[in-house]
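One structure is given below, encoded as structure tokens.
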Amino acid sequence: MEPNTIDPKIPDGDLHEKWDKHRFDLKLVSPANRPRYKIIVVGTGLAGASAAATLSELGYQVEIFCIQDSPRRAHSIAAQGGINAAKNYPNDGDTVWRLFYDTLKGGDFRAREANVYRLAQVANNIIDQCVAQGVPFAREYGGYLANRSFGGAQVSRTFYARGQTGQQLLLGAYSALMKEVNRGNVQIHTRSEMVDLVVEDGIAKGIIVRNLLSGEFTRHAAHCVILATGGYSNVFHLSTNAMVSNCSAIYRAYKKGAFFANPSFTQIHPTCVPRSGHYQSKLTLMSESLRNDGRVWVPTDSEDHRSAEDIPESDRDYFLERQYPSFGNLVPRDVASRAVKNICDAGRGVGPVGQSVYLDFGTAIENQGSQVIEEKYGNLFQMYEEITSDDPYRTPMRIYPASHYTMGGLWVDYNLMSNIAGLFVIGEANFSDHGANRLGASALMQGLADGYFIVPSTVADYLAVQPAIDLDPDRASFRADEHKARGCYADFVTGKGKIPVDDLHHELGAIMWDRVGMSRSAQGLEVAIKQIRQLRGKYRHSACVPGDANDLNEQLEKAGRIADFIDLGELMALDARSREESCGAHFREEHQSSQHEPIRDDTHFQHVALWEYRGENELPEKHLEELEFKWLKPETRSYR
């Protein structure tokens, strides 16, 4: 059966004017009527906090939910390197069009032109907004905002606050949010997890929430729901994400009918502290900004086991600079990750088990001085030394790729609304802007663009034609969904299994990393699908969840999330199996050049793959959104 084709509702008109004209065409809600509408926001990272603050400032009632004890603990705080915008302060030739081109090319032409251009266009406003909030971006000696380079670009457009950019941007959004909480316009629920989406007649009406401290279930109704819950890299068990980061909100929305788009598009970050033991719980990111001054290398001779500082320049292979002379160490993340993997797979890696390469700052320290390098990266160097006991000023860092970001997510149209009316999805939780690979410093850009500047306009267009009726969370649909959620969590704690859920998550992660990770094959994906299905049965019959459902129970929290990860893992493998091409971070071993570069198939796969849930033990149904390129012709992506 041929897949259905889905309309993304991209407005007509010239690309440069499309968003501005569309904003004019969008319906408005008058200031007098806005307080009559309630909006639920799930997630308090950059996307969620900025959206909630902005919508509250406009006059809407807002309820916001997070699983952490404070919005400031959202995982956005961990972003290190920076945020992109085409301000062209260095006068090095940057433009909005170049940012658009770099982002679309970086995603290997698997994203919508209109969405990517809008992102590039809005980015400049983000910098102005954040400076006005007092975000302490780095500045040049004369007081101008400083920029540095990131992968996949030949200009310097990344604004940064040392290695703490995410933290500073989140504090700005948090300040705006708490101002509205203090005014009484936002009601905030911490330590509260969305466990289901309530849908009536194809329209999102609210959510079911479990209090993580008491185990109490509550029902919350709204005129629309915004999901801003981040990505799902923890499906790999070991990732750079916070350990509480999960897929449950978006996956449960998927089970209620929301399309899941390109779930196999997951990003591996090349510069992470290598894994050190079997029972490690997460991995630590080393910012991409380090590749501005750090040089990646391995010994020329694979049998050279001297310490790094004893190996002379003549015996070093700066392989990224050799393979990609135009971009050198600043190739995009997928390209750098594959290059590192290939070196290590060839037996040329360094470290105790040969699963790492060097990131060396010796040349930069010699040319610029250690004080300048400390000003740029001091906190990152300190973090690395605390983890490894090695001093990066004296000894090169050791790095290896790790799961980091997910380009896939719930499908949304141009207005960031899913196929479920009234359900908006923003930030990393949606799929919309990055295609098959995200360029560095673009995650913060998308989160704040969606939250501050896009969804406030598009939500108004939806609400303008919705009656501002009183909301009743005691309706039958809410009670039924709450009853079902209670039953699911009760089943977890009444099971008779003996295997800790963390062990089963570890087992899932090994399957995903080995078969659905940096490199994929038809045979490996078939094996992965079979193993995940076996793991699901094992989980249902053997998982051990101690404690009570009506109290604080972290193992119970994990149980629900890991069950969703197992189901999502199968969906990712199905999606990867169906995409018979290599593009961006989706690398199929059958589709590569003699130089191990991806071979894209625009004839058959120039589309977004959308998956529709068809029920337990049923295969999902695949739909397509065809991608059209009117302004940039897809080209073979090369950084050589």
Side-chain angles (χ1 to χ4, degrees), residues 40 42-44 63-71 73-75 187-198 206-221 229-230 232 234-235 237 241-253 255-256 279 281-282 473-474 476-509 535-569 616:
I40 283 176
V42 185
T44 59
E63 274 193 275
I64 190 167
F65 299 80
C66 69
I67 59 176
Q68 298 87 358
D69 59 359
S70 166
R73 291 187 181 273
H75 186 61
Q187 185 178 359
I188 189 166
H189 304 267
T190 59
R191 301 293 282 142
S192 300
E193 181 168 26
M194 171 187 150
V195 295
D196 208 352
L197 176 73
V198 180
I207 62 175
I208 307 300
V209 171
R210 180 175 181 270
N211 185 296
L212 298 180
L213 299 179
S214 66
E216 178 187 6
F217 287 82
T218 52
R219 306 185 292 266
H220 300 265
T229 52
Y232 48 90
N234 278 347
V235 71
H237 182 248
N241 285 191
M243 290 179 63
V244 295
S245 297
N246 64 83
C247 70
S248 290
I250 59 173
Y251 193 79
R252 292 174 194 185
K255 292 177 74 172
K256 281 300 186 73
Y279 291 103
S281 58
K282 75 177 300 296
D474 198 39
S477 57
F478 281 83
R479 294 198 306 272
D481 284 340
E482 181 192 351
H483 178 76
K484 183 179 178 181
R486 285 181 182 275
C488 289
Y489 281 85
D491 288 345
F492 282 126
V493 295
T494 56
K496 304 299 183 182
K498 297 184 181 300
I499 303 176
V501 292
D502 283 321
D503 288 2
L504 295 166
H505 191 189
H506 190 281
E507 190 173 337
L508 172 66
L535 180 63
R536 181 184 295 111
K538 182 178 178 180
Y539 191 87
R540 288 173 177 170
H541 297 105
S542 303
C544 173
V545 183
D548 189 349
N550 300 313
D551 203 348
L552 173 65
N553 189 338
E554 292 187 356
Q555 291 303 306
L556 180 57
E557 296 171 31
K558 290 180 182 179
R561 296 166 191 168
I562 295 168
D564 293 331
F565 276 138
I566 292 172
D567 290 344
L568 177 58
E616 192 172 351

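Keep in mind that this is a model prediction, so the values were computed, not measured.
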Between [atom1] on residue [X] and [atom2] on residue [Y], distance to nearest 0.5 Å:
X      : Y      : atom1 : atom2 : answer
Ser214 : Asn550 : OG    : CG    : 8.5 Å
Arg536 : Asp567 : CZ    : CG    : 4.5 Å
Tyr251 : Ile566 : OH    : CD1   : 10.5 Å
Cys247 : Arg252 : SG    : CZ    : 8.0 Å
Ile67  : Asn211 : CD1   : CG    : 13.0 Å
Ile499 : His506 : CD1   : NE2   : 14.0 Å

Any Lys/Arg nitrogen of [X] or [Y] sitting under 4.0 Å from an Asp/Glu carboxylate oxygen of the other?
X      : Y      : answer
Asp502 : Lys558 : yes
Arg486 : Glu482 : yes
Glu616 : Lys255 : no
Lys538 : Glu507 : yes
Asp481 : Arg219 : no

What pair of heavy atoms forms the shortest contact from [X] to [Y], and how long is it?
X      : Y      : result
Pro71  : Thr44  : CA-OG1, 3.3 Å
Ile207 : Val209 : CD1-CG2, 3.5 Å
Val545 : Val501 : CG2-CG1, 4.0 Å
Gly43  : Ile64  : O-CD1, 3.6 Å
Leu552 : Arg191 : CD1-NH2, 3.9 Å
Lys256 : Leu197 : NZ-O, 2.6 Å

(request) Could you check His220 against Phe478 for ring pair (Phe, Tyr, Trp, His ring centres under 6.0 Å), going step by step and ending with a plain yes or no? (result) CA-CA 8 Å; His220 300 265; Phe478 281 83; 9.2 Å; no
Are any side-chain N or O atoms of [X] and backbone N or O atoms of [Y], one a donor and one an acceptor, separated by less than 3.5 Å?
X      : Y      : answer
Asn234 : Ala242 : yes
Ser542 : Tyr539 : no
Ser245 : Asn241 : no
Arg479 : Asp474 : yes

(request) Kindly determine whether Leu556 and Tyr489 satisfy side chain to side chain contact (heavy atoms under 4.5 Å, CB included), including the steps that lead there. (result) CA-CA 7 Å; Leu556 180 57; Tyr489 281 85; 3.7 Å; yes
(message) Below 30° counts as parallel, above 60° as perpendicular, anything between as tilted: where do the rings of Phe565 and His505 land?
(response)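 Rings of Phe565 and His505: parallel, as their planes differ by under 30°.
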(message) Whether the Ser248 and Asp564 side chains hold a donor-acceptor pair (N or O, under 3.5 Å, no angle test) is what I'd like checked.
(response)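 Yes, a side-chain donor-acceptor pair sits under 3.5 Å.
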(message) Between Arg210 and Glu557, is the salt bridge (charged side-chain N to carboxylate O under 4.0 Å, His left out) condition met? List the steps.
(response) CA-CA 10 Å; Arg210 180 175 181 270; Glu557 296 171 31; 5.2 Å; no
(request) Check step by step if side chain to side chain contact (heavy atoms under 4.5 Å, CB included) holds for Cys66 and His189. (result) CA-CA 6 Å; Cys66 69; His189 304 267; over 6 Å; no
(message) Between Val198 and Ile208, is there a side-chain heavy-atom distance shorter than 4.5 Å?
(response)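 When only atoms from C-beta onward are counted, Val198 and Ile208 do touch, with a gap below 4.5 Å.
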